Amino acid sequence: MALAGLDELFLFSSALIRRTVKVYRAILYNATFLFFLLASLLAQDSLSVPGSVARPVTIDRIVIRGNNVTKDYVILREMSLKPGDTLRLKEVEFDRNRIYSLGLFNRVEFSYEVTDDQATVYVDVNERWYVFPFLVIGVKDRDWKKFYYGLGLLHYNFRGRNEKISGAFALGYDPYVSLRYRNPLLSLESNLFSDIKLFYSRIRNKSLVSQHEGPNFDENHYGLDGTIGKRFDLFRSVSLSLGYQVLTVSENQAGRTLSPSGRDAFLSGTLAFIHDSRDLTEYPSRGTFLWLWIRKNGFGGGPVDYYRATADVRKFIPSGGGIILAARLLGSFVGGGAVPNYGHVYFGYEERIRGHFSEVFEGENLFGVTAEVRVPILPARFFRVKAVPVKEFGLWRFGVYGTIFGDVGKVWYRDEALTLRNQVKGYGAGLNFLLPYSAVLRAEYALNETRRGQFILDISSSF
């Protein structure tokens, strides 16, 4: 009898502990999201900290060294520091990361000399190799089973002006051929940029709705896109894109295209605004990224006639000990005429909810929130690899961060009411490896609402 009573007490205590842990986990989970939402809305960018040097000094001139190919202005236009400004070390670190984010250099270092309260700032760069054939290797939609491979030819810094000319083809999953030219600065006076792309791709249908109509099929996309834009300052730019696209399907059935013929051909126009004050594109430690765009598909009364508006907001807040607080809000919404199945949005392909990493959620509208705490384990450092004979490839950058994260997302159709129910959620922890040539590898473990766990191995940062 006594043993039976102890067994009942043990079972009751275990159940109570599990329930208490579950309640506190839910409280902590939701409190974390609330904190990051508030932080992303209330925190302001800050680029200056008085007293970064022993006494106030004014920048007299900026000298660029090591850029045998790259023009000086390509580097200078990424810098917040200008001659006549007060030298502060926080801006120096910000500018160093902005220049590195151009992807033109293996290493960027700042130094300065002070004479009579006047400073000469030196920017030393180590250039990458800019013209080379390259292997096209990767996975599509963050799915290691969707492997593709091919070849390309790239000039990454044409004329030393950060212009990019590329041609590439890929086989395997979703094969494609593309030609592209991007000029980030048409002229110093106008501060205009341009981008033009000619492409063909064969894409495996992603829509679960279309898959229910029969065996899966391929979509053939042909198109030409051109963009003209203006950069207002270091952070802000606006652009207008016009394009023409033809889409056909390998097996025509009702609903796979808006045209009964199985061929949708339409013009499109996109207006976009970007505010980007992140210090380092590949793995930011501070700053704000705001991308707003609206795209109209179809002009002239054809079957394709709808628009999509998207907002992507990301905030990175530096904290003590090199810890980074990061948050992201993502929303994409449609209006106008009928939306084809190939125009749907998803969680489960490019955008994922960790904890539901391999599950696909489909709809016409999408909303998601992500929050992370990134803790430095090995801050990014540069290493000279003597075994590599070509100096442009011999300087490698490594770093390791530990992360704690939480994701929430929802997709729905226009005829459905937007509610907070049926959201998909996940949370967990992992390691982020910062690798040479701006690559990021993530190894994570995530749990969903039912505490079902999964391991995740992914390329690129979560956002």
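Just so we're clear, the structure is a prediction, and the values are computed from it rather than from any experiment.
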Checklist line | CH2 (W293) with more than 12 external heavy atoms under 6.0 Å | finding: yes
Notebook entry, point to check: Are any non-hydrogen side-chain atoms of L441 and L457 less than 4.5 angstrom apart?
Noted result: yes
Checklist line | Verdict with reasoning, Y176 to H221, per ring-ring contact (aromatic ring centres under 6.0 Å, His included) | finding: CA-CA 9 Å; Y176 69 86; H221 296 252; over 10 Å; no
Check: Just checking, any donor-acceptor pair under 3.5 angstrom between side chains of S80 and D95?
Finding: yes
Checklist line | Polar side-chain atom of K206 near backbone of I203 as donor-acceptor pair, under 3.5 Å | finding: no
Next item on the list: Any chance you could measure Q245, atom CD, to D264, atom CG, to the nearest 0.5 Å?
Entry: 9.5 Å
Check: Is there a donor-acceptor pair closer than 3.5 Å between any side-chain N or O of E127 and the backbone N or O of V69?
Finding: yes
Margin query: Donor-acceptor pair, distance only, cut-off 3.5 Å: does the side chain of R451 make one with the backbone of N448?
Written below: no
Checklist line | Distance in Å, I228 CD1 paired with N183 CG, rounded so as to fall on 0.5 Å steps | finding: 9.0 Å
Notebook entry, point to check: Can any side-chain N or O of K230 pair as donor or acceptor with the backbone N or O of S190 at less than 3.5 Å?
Noted result: yes
Checklist line | Under 3.5 Å: donor-acceptor pair, side chain of N432, backbone of Y401 | finding: no
Check: Counting only N and O atoms by type, is there a donor-acceptor contact under 3.5 Å from the side chain of D143 to the main-chain atoms of K145?
Finding: yes
Margin query: Please determine whether a side-chain nitrogen of the Lys or Arg among R452 and E359 lies less than 4.0 Å from a carboxylate oxygen of the Asp or Glu.
Written below: yes
Note to self: Within the structure provided, determine whether V139 and W144 are in side-chain contact (heavy-atom separation under 4.5 Å).
What the structure shows: yes
Next item on the list: Take V373 and L325, measure what side-chain contact (heavy atoms from CB on, under 4.5 Å) needs, and give me the verdict at the end.
Entry: CA-CA 5 Å; V373 179; L325 309 180; 4.2 Å; yes
Margin query: I'd like to know whether NZ of K146 has more than 12 heavy-atom contacts from other residues, nucleotides or ligands below 6.0 angstrom.
Written below: yes
Margin query: Using 0.5 Å steps for rounding, measure from the CG atom of L171 to the CZ atom of F147.
Written below: 11.0 Å
Notebook entry, point to check: Between K82 and I62, is there a donor-acceptor pair closer than 3.5 Å when you use the side chain of the first and the backbone of the second?
Noted result: no
Next item on the list: For the pair H344 and Y346, name the ring-plane relationship: parallel under 30°, tilted 30 to 60°, perpendicular over 60°.
Entry: tilted
Margin query: Before you tell me yes or no, could you show the steps for L208 and V360 under side-chain contact (heavy atoms from CB on, under 4.5 Å), namely the whole-Å CA-CA distance, both residues' side-chain angles and the distance that decides it to 0.1 Å?
Written below: CA-CA 8 Å; L208 302 180; V360 177; 3.9 Å; yes
Note to self: When you measure from the side chain of Q454 to the backbone of A446, do you find a donor-acceptor pair of N or O atoms at a distance under 3.5 Å?
What the structure shows: no
Next item on the list: Using a strict 4.0 Å threshold on nitrogen-to-oxygen distance, state whether D276 and R278 make a salt bridge.
Entry: yes
Next item on the list: Would you please test Y122 and R61 for side-chain contact (heavy atoms from CB on, under 4.5 Å) and show each step?
Entry: CA-CA 9 Å; Y122 297 97; R61 63 191 182 112; 4.3 Å; yes
Next item on the list: Answer with yes or no whether the side chains of T227 and S241 bring together a donor and an acceptor at under 3.5 Å.
Entry: yes
Item checked: Sidechain-backbone polar pair: R98 side chain, F94 backbone, donor-acceptor under 3.5 Å -> no
Check: Got a second to check how far S460's OG is from E350's CD, nearest 0.5 Å?
Finding: 7.0 Å
Notebook entry, point to check: Looking at F316, F289, Y283, which one forms a ring-ring contact (aromatic ring centres under 6.0 Å, His included) with F463?
Noted result: F316
Margin query: I'd like to know whether S207 forms a side chain to side chain donor-acceptor pair (under 3.5 Å) with E362, so could you lay out the CA-CA distance, the side-chain angles of the two residues, the decisive distance to 0.1 Å, and finally the verdict.
Written below: CA-CA 7 Å; S207 172; E362 179 178 1; 2.6 Å; yes
Next item on the list: Apply side chain to side chain donor-acceptor pair (under 3.5 Å) to the pair Y156 and N162, showing each step before the final yes or no.
Entry: CA-CA 7 Å; Y156 206 67; N162 196 23; over 6 Å; no
Check: How about Y222 and Y200: are their ring centres within less than 6.0 Å of each other?
Finding: yes
Next item on the list: State whether E444 and R354 are salt-bridged, where the test is any N-O pair (Lys NZ or Arg NE/NH1/NH2 against Asp/Glu carboxylate O) under 4.0 Å.
Entry: yes
Check: Is the F455 to Y445 ring centre distance short of 6.0 Å?
Finding: yes
Next item on the list: Apply side chain to side chain donor-acceptor pair (under 3.5 Å) to the pair T70 and Y130, showing each step before the final yes or no.
Entry: CA-CA 10 Å; T70 309; Y130 296 134; 3.3 Å; yes
Next item on the list: Ignoring hydrogens and angles, state whether a donor on the side chain of D279 or S285 is under 3.5 Å from an acceptor on the partner side chain.
Entry: yes
Check: Can a salt bridge be assigned to the pair D407 and K425 using a cut-off of 4.0 Å between side-chain N and carboxylate O?
Finding: no
Notebook entry, point to check: For the side-chain contact (heavy atoms from CB on, under 4.5 Å) test, which of V345, D312, N365, V411 pairs with S332?
Noted result: V345
Next item on the list: For the pair E91 and R96, find out whether any cationic side-chain nitrogen is under 4.0 Å from an anionic carboxylate oxygen.
Entry: no
Next item on the list: Report the distance from atom OH of Y413 to atom CD of E364, rounding to the nearest 0.5 Å.
Entry: 7.0 Å
Check: Does the side chain to side chain donor-acceptor pair (under 3.5 Å) test come out yes or no for S461 and E282, once each step is laid out?
Finding: CA-CA 7 Å; S461 60; E282 68 195 56; over 6 Å; no
Note to self: Using side-chain contact (heavy atoms from CB on, under 4.5 Å), reason through D72 and N67 one step at a time and then give a plain yes or no.
What the structure shows: CA-CA 8 Å; D72 283 2; N67 54 323; 2.6 Å; yes
Item checked: Nearest atoms (heavy-atom pairs only) where A168 meets V136 -> CB-CG2, 4.3 Å
Notebook entry, point to check: Thinking salt bridges, do D233 and R236 make one under a 4.0 Å N-O criterion?
Noted result: yes
Check: Would D195 and K197 pass as an ion pair if we require N to O under 4.0 Å?
Finding: no
Check: Which heavy atom in L89 sits nearest to a heavy atom in Y112, and how many Å separate them?
Finding: CD2-CE2, 3.8 Å
Notebook entry, point to check: Quick one: CZ on R286 to CD1 on I324, what's the gap to the nearest 0.5 Å?
Noted result: 11.5 Å
Margin query: Quick test of your reading of the model: are K90 and E93 salt-bridged, counting only N-O distances below 4.0 Å?
Written below: no
